[in-house]
Structures are given as structure tokens and as C-alpha cells.
There are 2 protein chains.
Amino acid sequence: MDDQSSCLVTKLSHYITLDETHREQLASLEKAERDFEEGVEIYQNGDAARDLYVVKRGWLFSYTDLPDGRRQIVKIHHPGDIIGFPDVALKHMTTTLRTSEAVTLCPFPKSSLDVILRESPRLSALLLSIGLRDQVVFIDLLRAMGRMKAQERVAYMVLDLIARLRITNRRMTDTIRLPLTQSQIGDYLGLTNVYISRTLIKMEEDGYIQRIGDRLRILREDDLADMTDFNNRYADMDTSWFPEN
Amino acid sequence: MDDQSSCLVTKLSHYITLDETHREQLASLEKAERDFEEGVEIYQNGDAARDLYVVKRGWLFSYTDLPDGRRQIVKIHHPGDIIGFPDVALKHMTTTLRTSEAVTLCPFPKSSLDVILRESPRLSALLLSIGLRDQVVFIDLLRAMGRMKAQERVAYMVLDLIARLRITNRRMTDTIRLPLTQSQIGDYLGLTNVYISRTLIKMEEDGYIQRIGDRLRILREDDLADMTDFNNRYADMDTSWFPEN
DNA sequence: CGTAGGATTGAGAAATATCAATAAGTGTGG
DNA sequence: CCACACTTATTGATATTTCTCAATCCTACG
């Protein structure tokens with residue numbers, strides 16, 4: 001597998017400059033990429049934690065269910081994301097992974113981390129930082145779920161999605177594709193599909209957003225950011241303390 | 001500073017066996033320990049992210065506020081915890097740290113991580129795993145906040161606290177001290193102080209818990225675990241893939 | 001013994017859920 | 001290109017959960 005097609009190299013290059021050695025190390029970790037249809041489950045809560053995945057194409061999400069059927073979607077995954085990282089710490093997967101549309105994933109085994117930790121302190125620092133930054137992002141989401149009203153939560157979700165898409169796509173405009181049903185948005189934000197419907201309608205009436213098919217246009221991004229006291233964690237990473245190589 | 005008094009060594013020994021080299025590496029990282037009174041703020045949201053702290057004694061919590069004053073407590077810290085780890089990834093602290101009672105902390109600089117990453121792949125793997133496991137814990141809390149009712153959230157909080165206290169204190173009974181006001185519990189669970197009061201009374205009436213001063217006795221732990229579909233993440237860490245040294 | 005912070009209680013209001021019906025899309029087979 | 005089946009979105013009516021505000025009660029402590 002050459003550098004061109006290594007998902008990990010692409011992902012990590014967004015944060016630090018990788019030299020040739022790093023690129024080779026990373027590229028060697030990956031297994032062959034795999035395609036999946038829309039609406040399939042790739043692994044389930046409770047499966048042995050074995051592989052990680054880098055998303056090459058398409059959207060997916062991870063969720064957990066309560067015994068009575070209530071569902072919480074925990075993370076929405078985009079191209080460039082590493083899926084399954086938190087579960088590295090545990091013996092079993094803690095979520096179920098499901099595709100929102102057709103996707104391509106690059107799997108690599110959890111044991112690859114061992115290689116990285118032994119061979120490159122710098123890459124290790126980067127992986128650690130990505131994990132910890134994701135933790136901050138979860139804390140932000142927690143704040144939204146604990147203390148924000150429906151409209152603010154929707155605003156937060158949209159801003160977070162845009163900020164993340166802009167990591168890999170610099171000239172993102174104000175319009176995003178949102179391949180999620182309102183039930184799924186509700187499961188992500190701790191609300192019902194019905195209330196998501198009403199909230200989106202209200203936000204459109206108030207001129208915050210505009211909906212065109214499965215696309216969403218942000219009309220007053222600054223106002224939404226104020227409303228949610230939004231911080232772009234993806235732009236604030238501190239790589240200054242990383243070891244040299 | 002000898003091993004006896006190194007907070008980090010004590011903390012990390014709960015997970016893997018540390019040889020003499022590891023112990024020395026870790027002990028050398030720590031600065032002198034510091035005491036703080038009850039009700040003081042040790043650092044604030046927005047401060048430069050410079051130090052981490054290991055808790056030697058006492059309870060504290062981290063929180064963030066919304067501009068209009070709504071507050072979300074994000075983490076309750078006990079003896080043995082590492083505080084400020086997620087902020088390592090960023091240039092600034094994302095929360096404010098406040099004591100619930102008199103505490104003793106062992107600070108060590110963020111730059112110590114550089115040393116660990118360069119010198120010990122095994123310790124690096126452990127730190128990474130602790131960070132990632134904490135992420136899973138946040139995901140569990142997110143699920144509670146998004147999809148559980150007040151009583152279930154309280155149950156979840158109590159079970160999580162007990163599980164954590166049992167890491168360091170093996171023969172923990174069914175009774176814990178809870179040095180938090182009902183307003184703080186509310187800020188943690190995304191509810192109001194008033195509703196916490198009513199919920200605790202209800203749970204006591206139903207025989208789930210018993211309150212004696214600032215102590216809480218769990219009467220039907222299994223039922224509470226069923227109610228919240230509780231998983232003890234602290235007992236399920238996978239250290240099998242860690243590098244040798 | 002007075003005071004202050006915390007807990008409890010009551011009444012009413014707001015936010016969100018639930019249930020059920022209808023409308024609007026969307027893809028498929030003919 | 002049409003008609004059917006199916007999923008998704010919207011709407012209305014009502015129920016539930018939780019919040020808000022204000023009063024009162026406790027309890028620890030100077």
C-alpha cells in the first residue's frame with residue numbers, strides 16, 4: 001500500500017508534518033480497505049475489541065441502546081475520523097457501528113498501536129492528543145445535553161459538524177449535507193423525532209438555517225455560535241510539546 | 001521524593017506492575033504537593049494548560065458555565081484521579097477546578113508526558129488507555145443524560161461513584177460519603193436542586209438508598225444496576241496488548 | 001442564640017414526550 | 001412514466017417530566 005492511499009497518513013497529516021519514516025510506519029499498519037452498504041452494522045456492542053477503522057468515504061454513527069429500546073447515538077463519523085479508538089482501552093466494544101450511507105473504511109488492528117508506541121514517541125503523542133481532544137469534545141456535548149434547550153442543542157450539533165468537516169475540507173461553504181433522519185438527530189441530541197421536526201421548523205422560520213432536501217444551509221453562524229457559546233476544539237490543538245520523532 | 005509518596009506511582013500501580021525504573025521515572029516528574037481549602041478554585045476555564053494534578057486527598061469537581069449562568073459539572077474527582085488530562089491536547093483549560101472540601105494535590109507539568117512518551121512505551125500505553133477509558137466513561141454519562149430520567153441518572157451517578165471508589169479501596173462497603181450539595185448534584189446530572197431533592201426523597205421511600213447526614217447507603221445495588229444497565233468500565237481495562245517496557 | 005447556607009415543600013408554568021393521523025418523499029416493479 | 005409500498009416528516013391534541021419561584025424548615029456554626 002503506498003502513501004497515496006493510506007488513510008492514516010492522510011488523517012494524521014492534518015495535525016503534524018510526517019517524515020518518510022512515519023509514513024512508512026503508518027502505511028504498513030493498514031489492512032485492505034473495505035466497502036459497506038447503507039444501513040448495515042459493522043460491529044456490535046459487546047464484540048471483542050480488535051480493529052480500529054479510518055473512514056475514507058461516507059458517514060456512519062455509533063450508538064448504544066438501553067434495554068427498553070431507548071437509543072443514544074454517541075458519535076457521528078465522517079471521512080478522516082478514527083472509529084473505535086475509545087474501545088482500545090477495553091476488552092469489548094461499547095457501541096454499535098452503523099452506516100448512514102455507502103462507506104469505505106480502512107481497518108487496522110489494535111495491536112498496531114503497540115508498534116507506534118515503541119517506535120515513534122511523536123506519533124504516540126499525536127494519537128494521545130487526538131484521544132484527549134475527543135474527550136474534550138464529548139465534554140462539550142455533555143454540557144449541551146445537560147444544560148441546553150432543544151434549539152441550542154441543534155445549533156451546537158450543526159456547528160460541531162461544520163467545524164469537523166472544515167478540518168479536512170478547508171473551503172467548506174455554509175452548506176452541509178446531512179444524511180441523517182430526524183429520529184437519528186433526536187437520538188443524538190436526547191430528543192424525539194417529533195420535537196426535532198418542530199425545532200428545525202422553528203429555526204428555519206427564525207432564519208437561522210435553511211433546509212434544501214438533505215442539505216442544510218447555515219444562515220447566521222455567528223448567532224448560533226453565541227447561542228451555544230461554541231468553541232472550535234479542532235482548531236486549538238497544542239502540538240508544541242510533542243517529542244521530536 | 002521517594003516512592004512511598006509518589007502519587008503517580010500509586011495511581012498507576014493499580015493497573016500494571018511497575019518496575020524500579022518506571023517508579024523512578026514517574027517519581028522524578030512530580031513537583032511538591034500542595035494543600036487547598038474547601039470551596040476554592042484552583043484553575044479557571046481559559047487559563048494556560050500547564051500542569052496536571054493527581055489527587056492525594058479530598059474531593060473536587062470540574063465545571064463549565066454557559067454565559068447566562070447555567071452550570072455543568074463535568075467530572076467529580078477523587079483521590080487517585082488525574083485532573084486536567086483532557087486539556088493536555090489543547091492550549092487552554094476548558095473547565096474550572098473547584099474543591100468540595102480540603103484537598104491535597106500532586107502537580108506535575110504537562111511536559112512530563114514528553115519524557116514518558118520517549119522513555120517508556122509501556123507507561124505511554126497505560127496513559128493512553130486511561131485517557132481512552134475515561135472517554136468511554138463520558139460516553140456512558142452522555143447516554144445517561146440523553147436518555148435517562150432523573151431517578152435513573154441519580155442511580156447511575158451513585159453506581160459510578162461507588163465503582164470508582166472501589167478501584168483504590170477494595171473493601172468499600174455499601175456506604176459512601178457524598179460531600180456535594182444538591183445543587184451540585186443537579187449541575188452534574190443536568191437537573192435542578194429542587195428536583196434532586198424530590199428524586200432523592202422518592203428513592204429513599206422506594207428503598208433504593210438511605211441518607212444519613214452526608215452519607216449515602218446503597219440498599220439495592222443490583223436493582224439500581226439493572227435500572228441503568230450499568231457497566232463497570234473500571235474493571236474491564238485491557239492491558240494485554242501493552243508493550244513490554 | 002442568631003444567622004446563613006442548604007434542604008424541603010407547594011403551586012403553577014414551561015419544555016418535551018407520546019400517540020395518532022396525515023402528508024410528503026423515495027424507490028421499485030411493471 | 002405510473003402506481004404501490006414504505007419510510008420519513010409534519011401536525012394536532014394531550015400527557016409527563018422537569019423547572020421556576022417563593023416560602024419555610026433545618027442544621028451547623030460562630
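Not measured: the values here are computed from a predicted model. Proteins come first, then strands; the chains are lettered A, B, ... in the order of their sequence lines, and each starts at number 1.
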(message) From C-beta outward on Tyr195(B), which listed nucleotide comes closest to its side chain: dT10(D), dT18(D), dG10(C)?
(response) dT18(D)
(message) Nearest whole Å is fine: how far is dA13(D) P from Arg198(A) CZ?
(response) 11 Å
(request) Specify the separation, in whole Å, of atom CD of Glu205(B) and atom C1' of dT8(C). (result) 12 Å
(request) Choose from dG6(C), dT16(C), dT8(D) the nucleotide whose nearest atom is closest to any side-chain atom of Thr181(B). (result) dG6(C)
(request) Would you indicate what Leu191(A) reaches in the nucleic acid, counting non-hydrogen atoms under 4.0 angstrom: base, sugar-phosphate, or nothing? (result) sugar-phosphate
(request) Would you kindly give the CD-to-C1' distance between Gln184(A) and dT7(D), to the nearest whole Å? (result) 12 Å
(request) Return the nearest nucleotide to the side chain of Lys149(A); candidates are dT16(C), dT9(C), dT10(D). (result) dT16(C)
(request) Report yes or no: is the cationic atom of Lys202(A) (NZ for Lys, CZ for Arg) closer than 6.0 Å to the six-membered ring centre of Tyr208(A), at no more than 45° off its axis? (result) no
(request) Write down the distance between CG (Asn193(B)) and P (dA22(D)), rounded to a whole number of angstrom. (result) 14 Å
(request) Assign Ile196(A) to base, sugar-phosphate, or nothing according to its heavy-atom contacts below 4.0 angstrom with the strands shown. (result) nothing
(message) Using a heavy-atom cut-off of 4.0 Å across all strands, would you classify Arg211(A) as base, sugar-phosphate, or nothing?
(response) sugar-phosphate
(request) Would you please indicate if the ring centroids of Trp59(B) and His78(B) are separated by under 6.0 Å? (result) yes
(request) Look at the side chain of Thr192(A) and decide which nucleotide, out of dA17(C), dT11(D), dT9(C), has an atom nearest to it. (result) dA17(C)
(request) Round to a whole Å and report the spacing from CD of Glu204(A) to P of dT11(D). (result) 11 Å
(message) Under 4.0 Å, counting only non-hydrogen atoms across every strand here, what does Gly190(B) touch: a base, just sugar-phosphate, or nothing?
(response) sugar-phosphate
(message) So if I take every side-chain heavy atom of Ile201(A) and compare against dT16(C), dT10(D), dT8(C), which nucleotide ends up nearest?
(response) dT10(D)
(message) Under a 4.0 Å threshold between the charged nitrogen and the carboxylate oxygen, would Lys31(A) count as salt-bridged to Asp51(A)?
(response) yes
(request) Kindly compute the distance separating CG (Leu142(A)) from CD (Gln135(A)), expressed to the nearest 0.5 Å. (result) 11.0 Å
(message) Do the side chains of Glu152(B) and Arg70(A) get close enough for a salt bridge, i.e. N-O under 4.0 angstrom?
(response) yes
(request) Would you mind telling me which of dT9(C), dG12(D), dT18(D) lies closest to the side-chain atoms of Ala150(B)? (result) dT18(D)
(request) Report the distance from atom CE of Met145(A) to atom C1' of dT16(C), rounded to the nearest whole Å. (result) 14 Å
(request) Take the protein atom CG of Asp187(A) and the nucleotide atom C1' of dA9(D), then report the distance between them rounded to whole Å. (result) 15 Å
(request) For Gln182(A) and dT16(C), give me the distance from atom CD to atom C1', rounded to whole Å. (result) 16 Å
